[in-house]
Amino acid sequence: MNEAALTLEGWYALHDFRSMNWTAWREADDETRAVALEELHAFLQEWSSVEQSKNGSTAVYSVVGQKADFVFMHLRETLEELNALENAFNKTTFAEYTVKAYSYVSVVELSNYLASGGGDPKANPEVMARLQPILPKSKYICFYPMNKKRDLSDNWYMLSMDERRAMMRSHGLIGRSYAGKVKQIITGSVGLDDWEWGVTLFSDDALQFKKLVYEMRFDEVSARFGEFGSFYVGNLLNEQLFEEMLKL
Ligand code: VOV
């Protein structure tokens, strides 16, 4: 059997995409809308205190285009916590005015393709910071799921470790040239959701998503083996911006 890459897993991730039912929101009376906004604020504050105590992280973005209106990206230690928080949110009055648009379940993943040194990687604070990342609050987010191809002629999973490592090195070099411009969080989802990875990118310049993804299309690992799902792009929301977005 071919050699599987070794992976390290960190926090579980839930990308929860919602659309607003604007008709119902408009038809709600002022009091109901005020209760709904109050609940939304309480959740945003709770998520931010979880983040401050380093027990997880949450990023909130509006979504541009018709695929959704906003996304909550949550990172938590366990699937139970993710489940509890989505259920708690679904029980709110605010959630009654939202429609589920898409969701993605995965876990923060690092592979050993480019790993250096021995010892217990989880004893390394830099590795732990990558496995349990505090999500950047950059101006823009880009999310898409992807697979590596398993066709007869182009099957990633039939390549030797050395061939895959060489391609991942080239991938990493391109990625590194975007240091300071784009931050990536790769989450593995084999056995968890419909695609093999979730790719979440953060940047203060949305054009850098286009430039990075385009450049990677010419790199062998993406050019030959990359298969991509739908792309979601959005703008950072904080409590104030969320309220403005919901204002009628
Ligand atoms: C912002 C830039 C950036 C940087 C620096 C970067 C670097 C790296 C390194 C060093 C490594 C390998 C070790 C590890 O950390 O796991 C990876 C791993 C991975 N990547 Fe990446 N990637 C980036 C960015 C980046 C993008 C934009 C994409 C989407 C590809 C595209 O064509 O749209 C991507 C995908 C992945 C995936 C799916 C994996 C796991 C592959 C596997 O088979 O296991 N990635 N990636």
Side-chain angles (χ1 to χ4, degrees), residues 1-13 15 59 73 75 104-117 121-122 124-133 135-136 138-151 154-234:
M1 196 181 82
N2 203 355
E3 185 186 352
L6 297 178
T7 55
L8 288 172
E9 281 75 24
W11 278 338
Y12 284 92
H15 293 70
M73 177 180 178
L75 299 180
Y104 205 76
V105 178
S106 52
V107 61
V108 177
E109 179 190 287
L110 293 180
S111 69
N112 71 337
Y113 284 122
L114 307 178
S116 56
K122 288 202 169 181
N124 179 341
E126 277 173 37
V127 171
M128 286 314 291
R130 291 185 63 199
L131 291 174
Q132 301 183 333
L135 295 171
S138 310
K139 285 169 76 177
Y140 307 104
I141 193 172
C142 171
F143 170 79
Y144 52 101
M146 67 170 286
N147 288 337
K148 296 247 175 110
K149 209 180 270 178
R150 278 182 287 125
D151 281 353
D154 284 325
N155 188 331
W156 175 255
Y157 297 90
M158 299 290 281
L159 298 179
S160 70
M161 184 65 174
D162 286 347
E163 287 171 295
R164 283 176 282 136
R165 181 173 285 130
M167 280 189 242
M168 288 314 293
R169 188 163 292 133
S170 165
H171 167 86
L173 283 176
I174 296 178
R176 236 176 282 156
S177 70
Y178 286 79
K181 293 189 235 168
V182 180
K183 161 103 181 133
Q184 90 284 11
I185 309 265
I186 301 299
T187 50
S189 43
V190 173
L192 299 177
D193 214 321
D194 299 345
W195 296 77
E196 293 171 349
W197 288 277
V199 178
T200 312
L201 307 175
F202 296 90
S203 181
D204 285 327
D205 174 4
L207 271 186
Q208 295 302 320
F209 298 146
K210 180 174 182 294
K211 295 194 184 296
L212 167 63
V213 175
Y214 184 64
E215 194 174 343
M216 283 193 171
R217 290 289 157 106
F218 292 92
D219 188 49
E220 193 171 3
V221 67
S222 293
R224 272 179 72 193
F225 299 102
E227 291 178 329
F228 303 97
S230 291
F231 281 65
Y232 294 79
V233 68

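When a ligand or atom number is given, it counts from 1 through the structure's own listing order. We count residues from 1, following the sequence as given.
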Students often mix this up, so state it plainly: with edges at 30° and 60°, are the rings of [X] and [Y] parallel, tilted or perpendicular?
X    : Y    : value
F218 : Y214 : perpendicular
H15  : Y104 : perpendicular
F143 : Y232 : tilted

Among all protein heavy atoms, pick the one closest to [atom] and tell me residue, atom and distance.
atom                    : value
atom 13 (C) of ligand 1 : S111 OG, 3.3 Å
atom 32 (O) of ligand 1 : S222 OG, 2.5 Å
atom 37 (C) of ligand 1 : I186 CG2, 3.9 Å
atom 5 (C) of ligand 1  : G175 C, 3.3 Å
atom 46 (N) of ligand 1 : H171 NE2, 3.0 Å
atom 26 (C) of ligand 1 : M216 SD, 3.5 Å
atom 11 (C) of ligand 1 : M168 CE, 3.9 Å

- Query: Is R217 close enough and on-axis enough to F228, meaning under 6.0 Å and within 45°, for cation-pi?
  - Reply: yes

Atoms of ligand 1 less than 4.0 Å from [X] heavy atoms?
X    : value
Y113 : 42 (C), 43 (O), 44 (O)
V182 : 1 (C)
L114 : 10 (C)
V199 : 28 (C), 29 (C)

Kindly compute the distance separating [atom1] ([X]) from [atom2] ([Y]), expressed to the nearest 0.5 Å.
X    : Y    : atom1 : atom2 : answer
F231 : M146 : CZ    : CE    : 9.0 Å
F225 : D151 : CZ    : CG    : 9.5 Å
I141 : I185 : CD1   : CD1   : 9.0 Å
M158 : R164 : CE    : CZ    : 11.0 Å
K139 : S203 : NZ    : OG    : 9.5 Å

Please say whether [X] places an N or O atom under 3.5 Å from an N or O atom belonging to ligand 1.
X    : result
Y178 : no
K183 : no
R176 : no

Under 4.0 Å from ligand 1, counting heavy atoms only, is it the side chain of [X], its backbone, both or neither?
X    : result
L110 : both
R217 : neither
R164 : neither
M146 : side chain

Do [X] and [Y] touch side chain to side chain, with heavy atoms closer than 4.5 Å?
X    : Y    : value
R169 : L114 : yes
P133 : V108 : yes
H171 : M216 : yes

- Message: Donor-acceptor pair, distance only, cut-off 3.5 Å: does the side chain of S189 make one with the backbone of E196?
- Response: yes

- Query: Heavy-atom contact under 4.0 Å between R130 and ligand 1?
  - Reply: yes

- For atom 6 (C) of ligand 1, state which one of K148, Q184, M167 supplies the nearest heavy atom. Q184

- Message: Looking at non-hydrogen atoms alone, which of F218, W197, Y144 comes nearest to atom 38 (C) of ligand 1?
- Response: W197

